[in-house]
Amino acid sequence: MLRRCTQLRKINEGRLVCAHVLKSMFKHDRLIHNTILNMYAKCGLMDEARKLFDEMPVTDMVTWTTMITGYSQNNQSDGAVALFPQMLRMGLQPNEFTLSSLLKALGFWPSDKCGRQLHAYCLKYGYCSNLYVGSALVDMYTRHDRIDEAQSIFCLLVNKNEVSWNALIAGYSRKGEGEHALCMLQEMLRAGFEPTHFTYSSVFGALSATGSLEQGKWVHAHMIKSGGQLIEFVGNALLDMYAKSGSIEDAEKVFYRLLRRDLVSWNSLLTGYAKHGHGRECVRKFEEMLRRGIQPNDITFLCVLNACSHAGLLDEGQYYFRLMKKYNVEARVVHHVTIVDLLGRAGLLDRAKKFIEEMPIEPTAEIWGALLGACRMHKDMKLGAYAAERVFELNPNDSGPLVLLSNIYASAGRWGEVVKVRRMMQKNGVKKEPACSWVDIENKVHMFVANDDSHPHGKEIRKMWEEVSAKIKEIGYVPDTSHVLFFADKQERESRLQHHSEKLALAFALLKTPPGSTIRIKKNIRVCGDCHSAFKFASKALDREIILRDTNRFHHFHDGSCSCGDYW
DNA sequence: TTAGGGTTAG
């Protein structure tokens, strides 16, 4: 009966059985005690499990293993790790159950030192070939960012199953390595294993990081063919993959086809709308969610506030920020950052500063960074310099504020100040992250770096961009050289501007794709104002839809305008 | 009587 209650997580009935048993002739039975411990652990009641454990007159290896497993499954790694040496001191030998549970806990440990020690123990006592221990080792190493070690343990596993494959694929997914995750899925299929919901949610998660729409569609089609159902975990990952790969339409379709919708489903859709600049749709959907009685969490509010900020919905954003209290959701630093962003983008820089000064939490580098970004947008040098100083005080290693500050000076043509900031960056060893763009052509990813002359098709690409540039200048494009960072004359600044990575990627895509097809480009940093303007004109002059994903959001360029309404 | 793998925000 206790086992039945444990399986069904029926804790109230379990407690009744417990009370009865502990008054009966079995009250000193160790086996019964172990079963009760397991029931408490599975129901998440580790305090009660611990109380019983401390009161038990006699314990055995299973008792300790059950406690370690309980702590591990309830995300209480310290509890699991503390028990292990005590268990050894008692002279109890751990078995494969103990080791796999402890390894799971060690995946969440601050360093990999204990994990490596336990790995050595497993080797010494011959447990590494055990399926459970081996899979747990793979998982532990991937969580400590040691995917090579995980891969070699996985390769040495003679008997593999779906779980061992999933542990490795999830590892690649957490690292954002979509290509590797996909390769492993293909290998898994070749080896004759059937992917599970765990596999699909990991792979979709990995592909959402790389934004590979075609590959994502292939995996989705495979899942449908093999009869996979759209239950929450996998459906939410699929929805998110479509939203992050640039197809909000497919994300919506998945949302409506989900068998059940939980909070993550709603949050993922809202995030998708926010990233694609569908601010009003995001707000409408959020209102629908509230009408349906679904309790929002901090992530929901963050999505909605972001959407309001990006869509310029000033009043709505402030209203929803106040609404958080009504729903008992605490406003964290990130929510405050969004409000600074909201006010700042709307040009209310003084109000944004006042908001920072009056907010109940201590301002962080991110808060001042949001104000600095707004100052960049509205070319407010004085407040921008003040915000940049605050960011730099709080986070001297971040190159972001100095880059933004030098941009502010560059926009105003204050080249002397630009040089000073750049010297400061050199002095502090701060480097700007190099800008890269990627474009998928026929399932192959092509990367472009700003001002890079080494591409094999470099000449053709530049020639193509010159043609595009001439066409868009005819219909009104004027290069905005304020986005060039360094000291140079006008002609050189204009020439540098023409070699931004996203422009090179667009030129290459124009060379390699049929007329009229949609072009999808990804960028590792925020798109610059000049490229944004050039892409708008290009979408009209060339009659092409261009979808650009940058670090913050998607830009859909069509017929001379962008989905962000120039407000990003 | 005891075990290993998955989704959303910044």
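Quick caveat, the model's predicted, so the values are computed rather than measured. In the text below, chain A, chain B and the rest are named by the order of the sequence lines, each starting its count at 1.
Aromatic ring orientation, A:Tyr121 versus A:Phe84: perpendicular (interplanar angle above 60°, classes split at 30° and 60°). Note on ring orientation: taking the six-membered ring where Trp is involved, the planes of A:Tyr172 and A:His180 are parallel (angle under 30°, cut-offs 30° and 60°).
Within 4.0 Å of A:Gln73, counting heavy atoms only, lie sugar-phosphate atoms of the nucleic acid but no base atom. Among the protein residues, A:Lys244 comes within range of the sugar-phosphate backbone only, with heavy atoms under 4.0 Å from sugar or phosphate atoms but none that close to a base. Residue-level contact check: A:Asn306 touches the backbone only, with heavy atoms under 4.0 Å from sugar-phosphate atoms and none from bases. Among the protein residues, A:Leu131 comes within range of the nucleic acid bases, having at least one heavy atom under 4.0 Å from a base atom. Residue contacts shown for A:Arg3 are limited to sugar-phosphate atoms, with no base heavy atom under 4.0 Å away. Across all strands, A:Asn161 comes closer than 4.0 Å to base atoms (heavy-atom distances). Across all strands, A:Ser268 comes closer than 4.0 Å only to sugar-phosphate atoms, never to a base (heavy-atom distances). Residue A:Thr196 is classed as a base contact, given a heavy-atom separation below 4.0 Å to a base.
Heavy-atom contacts of chain A under 4.0 Å fall on DNA chain B between two terminal nucleotides, which in 5' to 3' order are B:dT1 to B:dG10.
The nearest pair of heavy atoms linking A:Met61 to A:Met87 is CG-CE, 3.7 Å. Across all their heavy atoms, A:Thr210 and A:Arg549 have their closest contact at C-NH2, 4.2 Å.
Take A:His144 and apply the ring-ring contact (aromatic ring centres under 6.0 Å, His included) test, not counting sequence neighbours, and it matches no residue.
The backbone N or O of A:Phe97 lies less than 3.5 Å from a partner atom in the side chain of A:Ser101, making a donor-acceptor pair.
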